[in-house]
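Computed from a prediction, not measured in an experiment: that's the story for all the values here. In what follows, every chain begins at residue 1, and chains take the letters A, B, ... in the order their sequences are listed.
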Amino acid sequence: MESHDCVDEGAALWDNSAMNTTLLSGLNPPQLQAVTLPQQSALILAGAGSGKTRVLITRIAYLISTGAVSPHGILAVTFTNKAAKEMVTRLSAMLPVNTRGMWIGTFHGLCNRLLRAHYREANLPQAFQILDSGDQLSAIKRVMKALDVNDEKYPPRELQNFISSSKEQGLRAHDVEAFDPYTRRKVEVYAAYDAQCQKEGVVDFSELLLRCYELLSRNSAIREHYQARFTHILVDEFQDTNPLQYQWLKLLAGKNNSLFAVGDDDQSIYAFRGANVGNMKDLLRDFKVDAVIKLEQNYRSHGNILDAANALISNNKNRLGKNLWTSEQGGEKLRVMEAPTDVEEANFIVSEIRQLKAEGLKLTEMALLYRSNAQSRVLEHALVSAGLSYRVYGGLRFFERQEIKHALAYLRLMQNTEDDNALLRIINFPTRGIGARSIEQLQEAAKLHGTTLWDAAARAGGKVTAFVGLIEALRRATRELPLPEIMAHVLLNSGLVLHYKNETGAKKREAEERLENLNELVTAATLFVHENEDDSLTSFLTHASLEAGEHQAGDQDDALHLMTVHAAKGLEFNAVFITGLEEGLFPHQNSQRVDGGLDEERRLMYVAITRARRRLYLSFAQRRMLNGQVSFSAPSSFLQELPDELLLWLSPRAVPRNPFAAFGYVAPVAAPVQCAVSDTGWRTGQRVMHQKFGEGVVTGAEGSGNDGRVQVNFKHAGSKWLALEYAKLTAL
DNA sequence: CGCACGTGGTTTTTT
DNA sequence: ACCACGTGCG
């Protein structure tokens, strides 16, 4: 990613002293300091584009090449499989030793590895299966049904959230404080859910971490073994760790090991899923870190882009403090466009893309970013009409597709008959005449005898018996086969392939795609066998759950990148379009409800801006289709936070400078106004004063004249609808 | 059993 | 506007 990588030089690599020069050349002073730090815990505050991944990898290479540690003693943790893979690849290019002794992986991957190695001590079956969030949700629904929980009062999704976030805080059901009946009921479901998972031999994602944490904290022999082994623990994207992950790291680090954490508090954009930036400050305290190293030189963006990013982020409170700079001063100004509608915004973007393309910039070098997925629609439409190829990132992943999940469920059930989730998924898919009624009977029988559904099915009759026979036949026939052949056999003999082949009419196309995916599944299995030593079925199923897989074709085409700002973190492009910069959309209106929500939105904007290397477009629309209705919004307040002199307006300037910005006043986020066809004389975005409620911003209006009413978001009193007949409002 | 229609929700997401 | 999910009918 960073341009100057220092690899090769054949023989020199084998010579320690020569190698270090090769390794270390091209590092700037703080980077060098970070890489060559003596054994101690450290926090590397690494700004966007400052070479943080490079530092992390070079640090490992340095430690090994100087003999400070053998590969055996390295534990490197990331959040995504992609990051872990990149680390392994770059490291093996840099080091002549093999990377095998090192443990490099995601939190979940590493915990899985530990739990497999010590499954008895962790009280798990050897071949325990991993539930993805979809599986987890259906498991929760089953528990709720069994406990007769009202799913209107307790939406399953909310329970899922409750359980996951409790686990991420390190709390078991009995640890959760419940003072009201509502919470007590949720705790009950939590406890029953965990019991069900235990019985069925499955674990969800957060369970992997919590169970592993408990294993290490309760079993001193195992803990001490790994503490003695992993003398150097390195963590990427540390700002994204949740409390449990941090506790896990602390446990492994013990008293003597060093924790080398790399992160950027300004790029913390995952608080909504439990990430705790506070871990950075805790780290300083808990590990008595005396040297915080800041990587502030940016190798990615031109000066103007960086200045804009710095200006924006300086509005945030509670930063650890960091200011990016670059030797690439100046560059182009940021281009700002106000369009009347979302459609015209998209058309403008298309014409700019065409222009850039004509100038020789590849489509892959451009990215279209937006705050929410729904926004891609209009953009896609414009791109299709213009004949520009693009790829939307995010969305359904390979192993999450329905047909793939069905196929894997057969394998899971064959391997572990206790897996009720898997059984329920396929007992009647393809349909074999086992209806809801029969399934209910099975569940009752299982409950009555305290057995699994499989055992109940074995004792049932008729069509259920045939199903049990099918699974057993599949198991028998594939016992001795290699993985890809098991896969192919199951696909053909389960009736899955036939089912999709028989599809006609409207569903034909869809079925064809599903068949292709099933084919791809055999390919994936073949690939897996080639790439992994452990080519067992269990191992493949784990791979499927833990690595839902980007498994999409078309990477080689010259296609534009479309994605949410979240998905863009860690990437960079020559030209970036940040779209939909409207108050209520970006910053998103919902962020208002959350403590620190606006700051997180601002960090998100910071991430978006810093993706651009040379050219950055900022665009917004006065009016757009939102949730099936036309809504009107004011320009994003973030635009006001960017210095005037860095902006090049391609449309007449629409954003007034905020005279209060200097005093730290930030207007509340206004919701996009729906159906704002009104004649009240008040325009959304207008700042107003009310005698009782004080200062606020008009966020909506309807009706006309004194019969109308306006919605005002007050700085202190919150959002209110006011009838104009009575309310005395003055414009500010 | 399978389809048709109705209903509710709609920020961001990795494992 | 659109999608995912659930219920009720043929």
Peer 1: Calculate the interatomic distance between Arg157(A) atom CZ and dT13(B) atom P; express it in whole Å.
Peer 2: 14 Å
Peer 1: Identify whether a stacking contact exists between His588(A) and dT11(B), where the ring centres must be under 5.5 Å apart and the planes under 30° apart.
Peer 2: yes
Peer 1: Report the distance from atom CD of Glu510(A) to atom C1' of dA4(C), rounded to the nearest whole Å.
Peer 2: 13 Å
Peer 1: Less than 4.0 Å between a side-chain N and a carboxylate O, is that true for Arg211(A) and Asp204(A)?
Peer 2: no
Peer 1: In terms of side-chain heavy atoms, does Arg116(A) have a donor or acceptor partner in Asn112(A) at a distance below 3.5 Å?
Peer 2: yes
Peer 1: So, does the side chain of Ser372(A) form a donor-acceptor pair with the base of dT10(B) at under 3.5 Å?
Peer 2: no
Peer 1: Are Arg397(A) and dT14(B) close enough that a side-chain N or O sits under 4.0 Å from OP1 or OP2?
Peer 2: yes
Peer 1: Which listed nucleotide (dT11(B), dC1(B), dT15(B)) is nearest to the side chain of Phe205(A)?
Peer 2: dT15(B)
Peer 1: Within the 4.5 Å heavy-atom criterion, are Leu131(A) and Glu207(A) side-chain neighbours or not?
Peer 2: no
Peer 1: Rounded to whole Å, how long is the line connecting atom CD1 of Ile439(A) with atom P of dC1(B)?
Peer 2: 7 Å
Peer 1: Can you check the Leu571(A) CG to dT14(B) P distance for me, whole Å?
Peer 2: 12 Å
Peer 1: Say you pick atom P in dA4(C) and the same atom in dT13(B); how far apart are they, in whole Å?
Peer 2: 16 Å
Peer 1: Within the pair Asn627(A) and dA1(C), is there a side-chain N or O less than 4.0 Å away from OP1 or OP2?
Peer 2: no
Peer 1: Roughly, in whole Å, what's the span from CD in Gln160(A) to C1' in dT14(B)?
Peer 2: 13 Å
Peer 1: Does either side chain, that of Ser166(A) or that of Gln169(A), offer a donor lying less than 3.5 Å from an acceptor on the other one?
Peer 2: no
Peer 1: Under 4.0 Å, heavy atoms only, any strand: does Ile434(A) hit a base, just the sugar-phosphate, or nothing?
Peer 2: sugar-phosphate
Peer 1: Is the shortest distance from a Lys or Arg side-chain nitrogen in Glu237(A) or Lys569(A) to a carboxylate oxygen in the other one below 4.0 Å?
Peer 2: yes
Peer 1: Looking at every strand, decide which applies to Phe272(A) at a 4.0 Å heavy-atom threshold: base, sugar-phosphate, or nothing.
Peer 2: base
Peer 1: Do the side chains of Arg319(A) and Asp264(A) get close enough for a salt bridge, i.e. N-O under 4.0 angstrom?
Peer 2: no
Peer 1: Between Ser545(A) and Ala436(A), which is nearer to the 5' end of DNA chain B once each is assigned its nearest nucleotide?
Peer 2: Ala436(A)
Peer 1: So if I take every side-chain heavy atom of Tyr270(A) and compare against dT13(B), dA1(C), dT15(B), which nucleotide ends up nearest?
Peer 2: dT13(B)
Peer 1: Given dT13(B), dC2(C), dG2(B), identify the nucleotide with an atom nearest to the side chain of Thr431(A).
Peer 2: dG2(B)
Peer 1: Does dT15(B) have OP1 or OP2 sitting under 4.0 Å from an N or O in the side chain of Ser133(A)?
Peer 2: no
Peer 1: So, is Asn428(A) close to the dC1(B) phosphate, meaning a side-chain N or O under 4.0 Å from OP1 or OP2?
Peer 2: yes
Peer 1: Identify which nucleotide among dT12(B), dT15(B), dT11(B) has an atom closest to any side-chain atom of Asn81(A), counting heavy atoms from C-beta outward.
Peer 2: dT15(B)
Peer 1: When the C1' atoms of dT12(B) and dC5(C) are considered, how many whole Å apart are they?
Peer 2: 22 Å
Peer 1: What is the separation between atom NZ on Lys85(A) and atom P on dT14(B), rounded to the nearest whole Å?
Peer 2: 14 Å
Peer 1: Quick one: is the NZ or CZ of Arg412(A) closer than 6.0 Å to the six-membered ring centre of Tyr410(A), and within 45° of its axis?
Peer 2: no
Peer 1: Does a nitrogen or oxygen in the side chain of Lys141(A) sit under 4.0 Å from OP1 or OP2 of dG6(C)?
Peer 2: yes
Peer 1: Specify the residue among Leu604(A) and Gly435(A) whose closest nucleotide of DNA chain B lies further upstream toward the 5′ end.
Peer 2: Gly435(A)
Peer 1: In whole angstroms, how far is the P atom of dT12(B) from the CG atom of Leu369(A)?
Peer 2: 14 Å
Peer 1: Output the rounded distance in Å from CZ (Phe398(A)) to C1' (dT15(B)).
Peer 2: 18 Å
Peer 1: Is Asn373(A) near enough to dT12(B) that one of its side-chain N or O atoms lies under 4.0 angstrom from OP1 or OP2?
Peer 2: yes
Peer 1: Does dA1(C) have OP1 or OP2 sitting under 4.0 Å from an N or O in the side chain of Arg624(A)?
Peer 2: no
